[in-house]
Amino acid sequence: MLAGLAAAALPGRGELVIADVFARQSTSLNGPWHAIVDPYDTGYFDYRHHPYDEAATITGGFALDRVSTNRSELIEYNFDTSPTLSVPGDWNSQNDRLFYFEGSVWYRTRFDLPQSGAARRFFVYFGAANYEAEVYLNGRKLGRHIGGFTPFAYEITGLARASGNSLVVRVNNCRHAEGVPTINTDWWNYGGLTRDVLLVEEPETFIANFRIRLKPGTTNVIQARVQLDGPARDQRIKIALPSLKLAAAAAAGADGLAECEFPAPNLPLWSPEAPVLNRVEISAGADEVTDRVGFRTIETRGRDILLNGHKIFLRGVSVHEENPLRGGRAWSEADARLLLGWAKELGCNFVRLAHYPHNEHMARLADEMGILCWEEIPVYWTIQWNNPETLDNAQRQLADLIARDQNRASVVVWSVANETPVGEARTKFLRSLVEEARFLDGTRLVSAAMEVRTDPADACHKIVDDPFGEFTDLCSFNEYTGWYDGLPDKIDHLKWTIKYDKPVVVSEFGADAKEGFHADALTRFSEEYQADVYRRTLPMLAQIPGFSGCTPWILCDFRSPRRLLPGIQDDWNIKGLVSRRGDKKMAFQVLKDYYGSLPGWSPK
Ligand code: GCU
C-alpha cells in the first residue's frame, strides 16, 4: 500500500476502499431489510458449533437464504416472513425487544443489477456495521469486516445475477476484550447496519481512491494522487478545478497510481469564516469522479495552533454520533445538520467527533459549514495493548478513516486514543498509531485525549506528564474537577504543571445535569451545578499557558449503559448541553457567552 493512498483491494481482506462514494453511480440499498434475530447464532454455527461458512461451499445456515419448496422440506427460518429493520439504523432504537440486545442479527435484501450496456463492475458498499459483519451474496461469502465505524466494500462482478440477488449480512455486536473498542464503554453498543448501503457501479477500470491537497509547506501548489483499479490502470488521468481555471494531467504507472503537482496561484483558502469548497473533477478513461474540496494548512508552532498561518483558538464541543431526539445512532445528513447546527449555535468552530469515526456526512457537512473536526478511533480506556490482533484492528480502523476523510478540509486532527492508562505497552501501542497516521497523512495534527494526575502532596495541583504526550502535536487531556474530583469551588484553586511546550486543547470537562431540574449550585444533577462548573472551568483553563481550545463533554445527552440512576439518568449520560428532548440547558448559554466573548469570534 503506497503511503497515503489505499489501493483498491486491501491485502488479505478482499475488502475495498471506494472513496467519495456518494459522488459515484450507485443504487441505494437502504430501506426495510428482512431481519432474523439469532441469539444462539443458529444461522451461523451447526449444532457442533462449527461455522457453516468454514468450507468454500457453504453447507447450511441463513447465508443460503433458502425457502422450502415443498411441504416436506425442513427449513427452520424464512427471511420473507421475518419482520424488517430499517437500514441504515441501529436495531436497539427500532424495537424495544432489541434495546439491550447484543448478539447476531441477520439482514437480507434482494436487488437486481442495473441494466447497462458497457462492461461494468459492481460493488456492495457499507458505510458501517457494528461491530462485525459477515457478508454473503447468493449464498457465497464475500468477506468479514471487523470494526463498527468504518466503511467497507466488496466486488460482486461475476457473482451477481441480473436479477433476484440475495444479499445477506450477519451483524454481531458482541463486545470482546481484544476488540477496539473493548468490552467497557460509556456509550450505547448500538448494533446493526448503521449507515448507508449502496450498490456501486463502475467502468472496468475506475478511480478507486484519490487525494487532493496543498503540497505540504505551500499555499499555492496543489498535489494530487489518484489510484486506478482495473485492467487498464496504466493510463492518463486528468484533474480539473473549473472554478479556479486549473487543470493538470499525469500518467498512472503499472500499479495504477498517478501523482502530480501543479501551481495554484491566489488559491482561496478554506477556513471556518470562509469555508470555500472547490469542485474537483478527476477523470481517467471512461470514469470520472467529482468532489468538493477545500484547501487549508494546519500546523502548530510552539504553543500555538496555526490555520493558514494564523493563530486560531478552537471553540469546540464534543459530540457522540447519536440523534438524541430519536435516541439512536445518527447516520444521515439531516442528523449531521441537527448536531452541527447546535454546535454552530454555541459559537463553535471545532467539534471533537468522539470516540470513533462518525459517518461521512459529518465531515462533509463540517466542510460546508466551516467547522473544524477532531476525528478519533475507539482505542478507549483499557484495551489489550500486548495483543497484535488488537493493534492490527486499531491500525486498520485508522487507515480506513484516513482513506475516507483525507480530502476533508474540516478534518484537522487524527486522535488515536481516549483515557488510556499510562504504561509501556500502551505507549508503544499508541506510538505505532501515531506513526501510521503520519505515514498515511503527514499534513494533519495527531493527538489523543490523555489523563491528568493529581499531585499526591497537593490535591489542587494537576500534572500533565503522560509520556505519550511527547509524540503528539497537541497536549490534550480530560479534566473533571468539580464533578469526579471535588466540588465546583475546587476548580478556582487549581494549579497546573504541564510537561509539554505544545498547544493545550482540553478534550473534555463537564458535569451531569437533568434537564429542567433546578436547585442550588451544589445540588448534583441540577442545571445550576453544571452551569457553575462551566462558569468556573473556562476562566481557569484560560490561565493555562498555551490554552488553544477545548471540547467540553458534551453537546447532547447520550445513551449509556453505565448511567443507571433512576429518575435522573435512566440509561443516559446527561452531561449534554442539549437534552434528549433538544432543549438547551443553562450551561449552553454559559459556553455560548464565553465563546462569544473571545477575540476573533464572529456571529457568522
Ligand atoms: C470520560 C470519557 C467519556 C465519558 C465521560 C463521562 O472522560 O472519555 O467517554 O462519557 O468521561 O464520564 O461522562
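Indexing begins at 1, ligand by ligand and atom by atom, following the structure's order. Please read these numbers as outputs of a predicted model, since none were measured by experiment. All residue numbers refer to positions in the sequence shown, counting from 1.
Of the protein's heavy atoms, E419 OE2, 2.4 Å lies nearest to atom 7 (O) of ligand 1. Among protein heavy atoms, atom 11 (O) of ligand 1 sits closest to E508 OE1, 3.3 Å. What sits closest to atom 13 (O) of ligand 1 on the protein, heavy atoms only, is K575 NZ, 2.7 Å. Considering only non-hydrogen protein atoms, atom 4 (C) of ligand 1 sits nearest to D186 OD2, 3.1 Å.
Between the T472 side chain and the L474 main chain, a donor and an acceptor come within less than 3.5 Å of each other.
For the pair K584 and F588, the cation sits on the ring face: its NZ or CZ lies under 6.0 Å from the ring centre, inside 45° of the axis.
Assignment of F558 to the shell around ligand 1 is supported, since a heavy atom sits closer than 4.0 Å.
For the residue pair N393/E389, the side-chain donor-acceptor check at 3.5 Å is not satisfied. When only modelled atom types and interatomic distance are considered, D90 and Q94 share no side-chain donor-acceptor pair under 3.5 Å.
The 12-atom threshold is exceeded at CG of D501, counting heavy atoms of other residues, nucleotides or ligands nearer than 6.0 Å.
Residue contact check: N478 has heavy atoms under 4.0 Å from atoms 7 (O), 8 (O) of ligand 1. Per-residue contacts place Y484 under 4.0 angstrom from the following atoms of ligand 1 (heavy atoms of the residue considered): 6 (C), 12 (O), 13 (O). Close approach of ligand 1 to H355 (heavy-atom distance below 4.0 Å) involves ligand atoms 3 (C), 8 (O), 9 (O). Atoms of ligand 1 found under 4.0 Å from any heavy atom of Y480, numbered from 1 in the order shown, are 5 (C), 7 (O), 11 (O).
Under the salt bridge (charged side-chain N to carboxylate O under 4.0 Å, His left out) rule, D473 has a single partner from R303, R438, R301, which is R438.
Annotation: W381 places no N or O atom under 3.5 Å from an N or O atom of ligand 1; distance criterion only. For a threshold of 3.5 Å applied to N or O pairs, the pair formed by H320 and ligand 1 contains no separation below that value.
At a heavy-atom cutoff of 4.0 Å, ligand 1 is contacted by the side chain of R563 but not by its backbone. Residue contacts with ligand 1 for I554 are absent, since no atom lies close enough (heavy atoms, distance under 4.0 Å). With a heavy-atom cut-off of 4.0 Å, N418 touches ligand 1 through its side chain alone. Residue-level proximity to ligand 1 for W553 is carried by the side chain, the only part with a heavy atom below 4.0 angstrom.
R453 meets the side-chain hydrogen bond (donor to acceptor under 3.5 Å, both in side chains) test with D465; sequence neighbours excluded. Y190 pairs by the side-chain hydrogen bond (donor to acceptor under 3.5 Å, both in side chains) definition with E322, not counting sequence neighbours.
Between E508 and N418, some side-chain heavy-atom pair lies under the 4.5 Å cut-off.
Two rings, from F509 and W483, have their centers 6.0 Å or more apart.
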